[in-house]
Visitor: 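If you scroll down you'll find the structure; I have some questions about it.
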Amino acid sequence: MQNLLQNLNPEQLAAVTLPPQSALILAGAGSGKTRVLTTRIAWLIQTGQVSPAGIMAVTFTNKAAKEMLTRLSAMLPVNTRGMWIGTFHGLCNRLLRTHYKDAALPQAFQILDSQDQLSMIKRLLKANNVDDEKYPAKDLMYFINNAKDQGLRAHQVEAYEPITRKFVELYELYDQQCQKEGVVDFAELLLRAYELLSRNAPLRQHYQMRFRHILVDEFQDTNDLQYNLLKLLAGQGEQGGGAIFAVGDDDQSIYAFRGANVGNMMKFEQDFRVQNLIKLEQNYRSHGHILDSANYLIANNSQRLGKNLRTDAGQGEQVRVYEASKDLEEAQWIIEETKSLMADGVPRSEIAVLYRSNAQSRVIEHALFAAGMPYTVYGGLRYFQRAEVKHAIAYLQLMDNPHNDSAFLRVVNFPTRGIGVRSIEQLQMAADAYGISLYAAVPYMTGKAGTSLGAFVKLIEGMRMETQQLALPELVRVVLERSTLLAHYQTEKEGADRIENLEQMVNAATQFVQEEGFGQNAPAHLGPQAQAQAGQPVVSGDGLEIIDADAALATVMSPLAAFLAHASLEAGDAQAQAGQDALQLMTVHSAKGLEFDAVFITGLEEGLFPHESSSREDNGVDEERRLMYVAITRARRRLYMSFTQQRMLHGQTRFNMKSRFFNELPEESLKWLSPRVQQGNWFSNRKATTAWDDADFRSGGTDNQIARQITQKSGGGSGWRIGESVAHAKFGEGVIVNIEGGAGAARAQINFGAAGMKVLDLSVAKLERVAR
DNA sequence: AGTCTCCCCGTTTTT
DNA sequence: CGGGGAGACT
């Protein structure tokens, strides 16, 4: 045990060894959060305070759950299977599979991903003749998910306007349709689990007694439903509840837009009468100037729990700030700096380029490609989201639950088998008339449509029969062949990658069967009862039939059903990382939780970062500031920040002011690489020794063309140029966006940021040039 | 049935 | 500017 606690700092040690009561750990960036979390679990078990089965640890991503599991098994010689470690959705899935009857779900219920959900909603709108101009499918989806995230069913949503009332009505219809098809969306997994536990007292008490310790990662990201679910599980307000060990950082709350409620941290403190609040402020990642910048910036937010990061690593280098003339030049500068970093021995993969929105990557990618610099863009299509993989999955879904209409529609005519839109329309009508699924409605079809649809049903039935005794990987193989998906892509010219992805699915199935503890040769269709008889332990507790969670999935689900759930809940990796030694490009959001030796934060301009739409939301800029805080704290040794005078966005050139965040950073920690451009004619100063002037000059042709355009547009002798920073007595600092009219009568359109866009007469307005 | 074209849209993302 | 989706055309 000494080993376990060795090398923990005093705060970490205190957190790990807290008494068995609910506690809030305020874990700063790079403060060893995961270490505390896993060591806490190991310590609890090793000191005999709890058995592995008494542990529940919840995360938001599969990656985090996996990480925890890996670290834990390195620490403890205990079988981690007994513990409930996973994502909110994964654990709810497990709960609902075990108690599907009590949750009023079919045993083979399937999980809709966002894509499926949207297409289902579109179908619903069409079926009910709803004007999708007035009630866009996306808005309805947002409405439904939002309501569910707050724990509200359709009848519980307050609706005062006609639009909302219609949404509520459609929400109800949507839920009915899901129930009919035997499918649940992501939010439904949580809501069902919540409702199951809140209605079923014996079951609730069983789990309350079982889970003595519930550990929650990234607590600041919980939404209301997740919070209430935790509260229920911990038995708050009932006897015998367990303790919640909540770890989070309110300063890194950046997911309000998807329902996360930072307020849950404060609420938790009160609801659970938290005695122990521990702050982990010792940072093991970044040098001093970087941390100073982060601390200084985030101090501009109000309503914080309060925290200041510190380091023993010394001040290190200042943050390097660069002003580019335009977006492409910003990208070129990044390349130059990257080369110099690499010359200093920084591996390329240890350098990250961050941006606020995905659209910004294009210009950077373009420049990187032209320069022959290897790079990887994070995000993009994940494995199980790719069209061909989704098609294969749809066949598998139909074999396990033919009433899944989304799956049915996806592949009923793919590869094409002469089933056109008219046939589908007829089928849909029959299904609606009898209130049954499309699949079930097929026998009611007559004529040509009936024949071709009947053949499709026969195909699915045939595949099911044929694979009855096969293990999952073989079953997948058969389905790929029999569905003619493989043959289809073989005739396609760009089909090679798709075929590879499909072949990959057999491997994925093999790996899945192994990792989930299904027998290597267990028939993929084998039902849970047969599984149980095959020797899986089933224990009962408290007079309830509670299935031992040690083998929960293998006990309650067939390998096929489990694999399908896995495909929905874990979308898999994005495209193969193109070369290990590549520059890392990603949004600030996806950078959360990662760290790099050197980090570029790009596009630090008003309107972009902070993003313009954030000013319209309550506390929107505070959230942007937290996002900036996350970005800064990704860097270990060197941090760059850049902004440009001119940027192309949505086919339009924009002139933005530099981000307000620059005013919120400690001047002594910044090193301005591009000397402030002095007033006067911008182009006559081109030979000045400013970094961007030099770079601009070197890059030749294109720049000169742009320079010419700008000269033409520069208000012909008004003395001002577009893109220039100015100050006005009343409106403050701004940027000239456009100049109209000739000398003497020129008027300038000026973006004053917070004060808005103004058109001023240049002969009247008193403007001053601003050195940036 | 498959291809073409036009129109719309544009912050962030996991499950 | 560029991608995706819906609808029209061949």
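Order of the sequence lines sets the chain letters (A, B, ...), proteins ahead of strands, with each chain counted from 1.
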Visitor: Using a cut-off of 4.0 Å on non-hydrogen atoms, how would the nucleic acid contact of A:Asp185 be classed: base, sugar-phosphate, or nothing?
Guide: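 Result for A:Asp185 = nothing.
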Visitor: Please determine, for the side chain of A:Glu617, which listed nucleotide (B:dT15, B:dT11, B:dT13) has the closest atom?
Guide: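 For the A:Glu617 side chain, the nearest candidate turns out to be B:dT11.
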Visitor: Which nucleotide sits closest to the side chain of A:His89: B:dT15, B:dT11, B:dG10?
Guide: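 For the A:His89 side chain, the nearest candidate turns out to be B:dT15.
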Visitor: Is A:His611 stacked on the base of B:dT11 when the test is centres under 5.5 angstrom and planes under 30 degrees?
Guide: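 So A:His611 counts as stacking on the base.
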Visitor: Under 5.5 Å centre to centre and under 30° between planes: does that hold for A:Phe88 and the six-membered base ring of B:dT15?
Guide: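 The base of B:dT15 is not stacked with A:Phe88 (the test needs centres under 5.5 Å and planes under 30°).
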Visitor: Between A:Arg258 and A:Asn413, who's closer to the 5' end of DNA chain B by nearest nucleotide?
Guide: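 The answer here is A:Asn413.
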Visitor: How close or far is atom P of B:dT15 from atom CG of A:Asp113, stated in whole angstroms?
Guide: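 Atom CG in A:Asp113 sits about 12 Å away from atom P in B:dT15.
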Visitor: Decide whether A:Asn413 and A:Arg417 meet the rule of one side-chain donor and one side-chain acceptor closer than 3.5 Å.
Guide: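 No - no donor-acceptor pair under 3.5 Å links their side chains.
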Visitor: Rounding to a whole Å, what distance do you find between A:Arg654:CZ and B:dG10:P?
Guide: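 Distance, rounded to whole Å: 14 Å.
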Visitor: Please confirm whether the shortest side-chain N or O distance from A:Arg382 to OP1 or OP2 of B:dT15 is below 4.0 Å.
Guide: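 Checking A:Arg382 against B:dT15: at least one side-chain N or O falls below 4.0 Å of OP1 or OP2.
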Visitor: I want to confirm an ordering. Mapping A:Ile419 and A:Glu570 to their closest nucleotides on DNA chain B, which one lands closer to the 5' end?
Guide: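 On the 5' side of the pair lies A:Ile419.
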Visitor: A:Phe257 near the nucleic acid: base, sugar-phosphate alone, or nothing, with a heavy-atom cut-off under 4.0 Å?
Guide: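 The residue A:Phe257 makes base contact.
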Visitor: Is it the case that A:Arg626 places NZ or CZ above or below the six-membered ring of A:Tyr629, under 6.0 angstrom from the centre and within 45 degrees of the axis?
Guide: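 Here A:Arg626 fails the 6.0 Å and 45° test against A:Tyr629.
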Visitor: Is a donor from one side chain sitting under 3.5 angstrom from an acceptor on the other, for A:Asp113 and A:Ser568?
Guide: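 On atom types as modelled, these side chains do not qualify, holding no pair under 3.5 Å.
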Visitor: Just to be sure I understand the rule, does A:Asn358 reach a base, reach only the sugar-phosphate, or reach nothing, if contact means heavy atoms closer than 4.0 Å?
Guide: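 A:Asn358: backbone/sugar contact only, no base atoms under 4.0 Å.
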Visitor: Quick one: is A:Thr416 getting a side-chain N or O under 4.0 Å of the B:dG2 phosphate, OP1 or OP2?
Guide: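 Yes, such a contact exists.
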Visitor: Can you give the first and last nucleotides of DNA chain C, 5' to 3', that have an atom under 4.0 Å from a heavy atom of chain A?
Guide: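 Here the contact window of chain A covers C:dC1 to C:dA6.
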Visitor: Any side-chain N or O of A:Ser114 under 4.0 Å from OP1/OP2 of B:dT15?
Guide: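 So the side chain of A:Ser114 is outside the cut-off, no N or O lying under 4.0 Å from OP1 or OP2 of B:dT15.
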Visitor: If I pick the P atom on B:dT13 and the same atom on C:dG4, what distance separates them, to the nearest angstrom?
Guide: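 One P to the other, the span is 16 Å.
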Visitor: Mind checking whether A:His566 and A:Phe512 have parallel, tilted or perpendicular rings, split at 30° and 60°?
Guide: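 Tilted.
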Visitor: Using 4.0 Å as the upper bound for N to carboxylate O, is an ion pair formed by A:Asp175 and A:Arg153?
Guide: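 A:Asp175 and A:Arg153: salt-bridged.
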Visitor: Whole-Å distance between B:dT14 P and A:Gln220 CD?
Guide: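 Those two atoms, CD and P, are 15 Å apart.
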Visitor: Under a plain distance cut-off of 3.5 Å, with no hydrogens placed, do A:Arg410 and A:Ser119 share a side-chain donor-acceptor pair?
Guide: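 No pair is found: no donor N or O on one side chain lies under 3.5 Å from an acceptor on the other.
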Visitor: Are the side chain of A:Asp132 and the backbone N or O of A:Tyr135 linked by a donor-acceptor pair below 3.5 Å?
Guide: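 Not a single qualifying donor-acceptor pair exists.
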Visitor: State which of B:dG10, B:dT12, B:dT15 makes the closest approach to the side chain of A:Ser357.
Guide: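 Of the options given, the side chain of A:Ser357 lies nearest B:dT12.
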